[in-house]
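Keep in mind that the numbers below use all heavy atoms, side chains included, and drop hydrogens, waters and symmetry copies. Sequential numbering from 1 along the given sequence is applied to the chain's residues. These numbers were taken from a predicted model, which means no experiment stands behind them. Atoms within a ligand are numbered from 1 in the order they appear, just like the ligands themselves.
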Amino acid sequence: MKTELIEKILGKKNSTLRRWIINNFLVILIILVGILLASSILIRSYYYNTARSFVSSRMNTVSGLLTRSYNNARENYSTEVKNTVTNWSEKGRIELLATDTKGNTVLTSSGFSPRYDLATRDLYDSLLNENSGSTSFLGRLPSGENIVAVTMKLPKNDAGYGTIRMMSSLENIDRQIDTLILTMIVIAASIMFLVAISGMYFVRSIVVPVRSLGVMAGRYAKGDFSIRIAKKNDDEIGDLCDIINKMAEDLQTSDSIKNEFISSVSHELRTPLTAIKGWAETIEGDPDDTETVKKGMHIITTESERLSQMVEELLDFSRMQGGRFSLVPAKMDILAELGEAVLIYTEKAKKEGKELSYEEPDMLPFIVGDKNRLRQVFINIIDNAVKYTDPAGKIEVEAGLENGQIIITVSDNGVGIAEADLPRIKTKFFKPNHTRRGSGIGLAVADEIVTLHGGTLTVESVLGEGTTVTVRLPIEYL
Ligand code: ADP
C-alpha cells in the first residue's frame, strides 16, 4: 500500500519527476540532514564544553582559597571546608558538596541530601588519584538527566573530608540546544518544502508541454496536421514548439501539394487517354472515312506524345528524387538546342494565336553540357510561357553572352505569378494555377538540370503582366 503511494507520487519509471526527485531532491535532503546532524553535534559539544569550563573555573577559585587556608592554618582546614560548602553563594546554579574519603556525601551547599546520584566517574577518578588535581564528568545520570561534575581531592584533614565537588545540571542548556536544533529542523524543512514546490513547478513546466508535444506528434504521425501547439514560454521548449509547428505546417503543405499532384497528374493522364480512346472508337466505327482516320490518327499521335512526355517528366523527377539523375556531358552548341525547342513550339503558338519570337544571335561559344537535358529545360520553360499566355500574347526568346556566361531569357506577357507564390515556384508539385494543364514538376526538373550544369534559373514575374525566366550557364563547365 505504502509503496503503491510512493510509486504514484514518483510517476512511471524513468519519468522526469522521478529523476528529479532522485538526482536533486534526495541529494539536497541528504546534504541538509548531514548539516543538521553535524551542527547539532557541534553545538552540543560547544555548549557542554563551555559549561564544563565554567564549572572548572569556579572549582579552581574555590580550590585556590582552600589551598591557601590549608597552607596558612592547617588546624582550621576542616572548618574552612565546611564553611566554604555551607556558605556557597552560587548554589542556585552549581551545587557544592564534600565527601568523605570513601566517596559518601557528607556536606551539601543546599543543606539537603544531594539531588544527584553521586556515583559519577569523576569521584572515583579523584579518590583513586594520587595527586590533588581535579577530575570531571560530563554525561547522563541513570535518572536521564545530563550533568557536569568536577571533583577535587582534598589533602588529609581531621574531619575526614575526602573530596570537594561541584555539580550542575545541564537541563537548561539541553533545553536551549533542543530549541536551537528544532529551529534548524524547521528551517531545513521549510527549505525542503520550497525546493519541492519550486522543483515540482520546474518539472511540471517541462513535463506538461513535453507531454502535449508528444500528444501532438502522435496526431501528426497519424496524418492529422491541422493542429498547432500553443507556445507558452520563450524558452527552449517554446523554440521546440515553434519548430514542430513549422514542421507541421510544412508537412501539411507538402501533404496537400502531394494530393493536388496526384489529382492533377491523374487528370493530365485522363485527358489524352480520353481523346485517344474516343478517336480510336470513332476510327473503329468508320475505318473507311479517310478524312476522319487521318484527323483521328493525328490526334492519337500528338496525345500519345504528350502522354509519353509526361511519363518521361515523372520518371526524371523520380530519378531526381532517388539521386539517380545524371548528365552525359559533351561539347555542344547551345543555340542548336534552343533553336529546336523554339521550333517545336512555333507552330503550336501560331495555332493558338500567340506570337513566339526568337532572335537568334550569330554565334555563341560551345559549352560542355548534356544537350538532351538542356533542350528539355528550354522546352519546359517555353512550354510554360506558351501555356500561361493567353491568345494574342507574346513570347520572346533571347540568347546572348554576358560576363562570360550564356544567358537565355524566355519572357511572356501572360498571366504572371503572384508575388506570394514566386519563392515556391521551383518547388516540386507546386502548382498555383490550376486552370492550365501541368504536373507542377517542369520547373523543378529544369532548375535541377541547370544547377547540375553549374548555372542558375531565375523566375521574375508580375501577376497579370507576364513572366521572365532567365537561365544562366557558365561557359567553362566541368
Ligand atoms: P506545370 O507543369 O504546372 O506548368 P511547372 O513546374 O512548369 O509546372 O510550373 C510550376 C508553376 O509555375 C505553374 O503551375 C505555373 O503556375 C507557374 N508558371 C511557370 N511558368 C509560368 C509562366 N511563364 N507564366 C505564368 N506562370 C508560370
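Defined by atom type and a distance below 3.5 Å, a donor-acceptor pair is missing between the side-chain atoms of N372 and E337. With hydrogens and angles left out, the side-chain atoms of Y48 and N146 include a donor and acceptor closer than 3.5 Å. Side-chain atoms of E460 and T467 include no donor-acceptor pair closer than 3.5 Å. Of the N and O atoms on the side chains of Y388 and D412, not one donor lies less than 3.5 Å from an acceptor on the other residue.
Of all atoms in ligand 1, numbered sequentially from 1 with element shown, those under 4.0 Å from a heavy atom of K387 are 1 (P), 2 (O), 4 (O). Of all atoms in ligand 1, numbered sequentially from 1 with element shown, those under 4.0 Å from a heavy atom of A385 are 23 (N). Against a heavy-atom cut-off of under 4.0 Å, I417 is close to the following atoms of ligand 1: 18 (N), 25 (C), 26 (N), 27 (C).
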Candidate pair K246 and D250, rule salt bridge (Lys or Arg N to Asp or Glu O under 4.0 Å), full reasoning: CA-CA 6 Å; K246 171 85 178 56; D250 290 351; 2.9 Å; yes
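Around atom 22 (C) of ligand 1, the closest heavy atom drawn from D421, T467, V410 belongs to T467.
The closest approach between a heavy atom of N380 and any atom of ligand 1 is not below 4.0 Å. Contact analysis leaves G414 out of contact with ligand 1, as no non-hydrogen atom separation drops below 4.0 angstrom.
Considering backbone and side-chain atoms alike, L443 places an N or O below 3.5 Å from some N or O of ligand 1. Considering both main-chain and side-chain atoms, G442 comes within under 3.5 Å of ligand 1 through a nitrogen or oxygen pair.
Electrostatic pairing of D316 and R319 counts as a salt bridge here, judged by a charged N lying under 4.0 Å from a carboxylate O.
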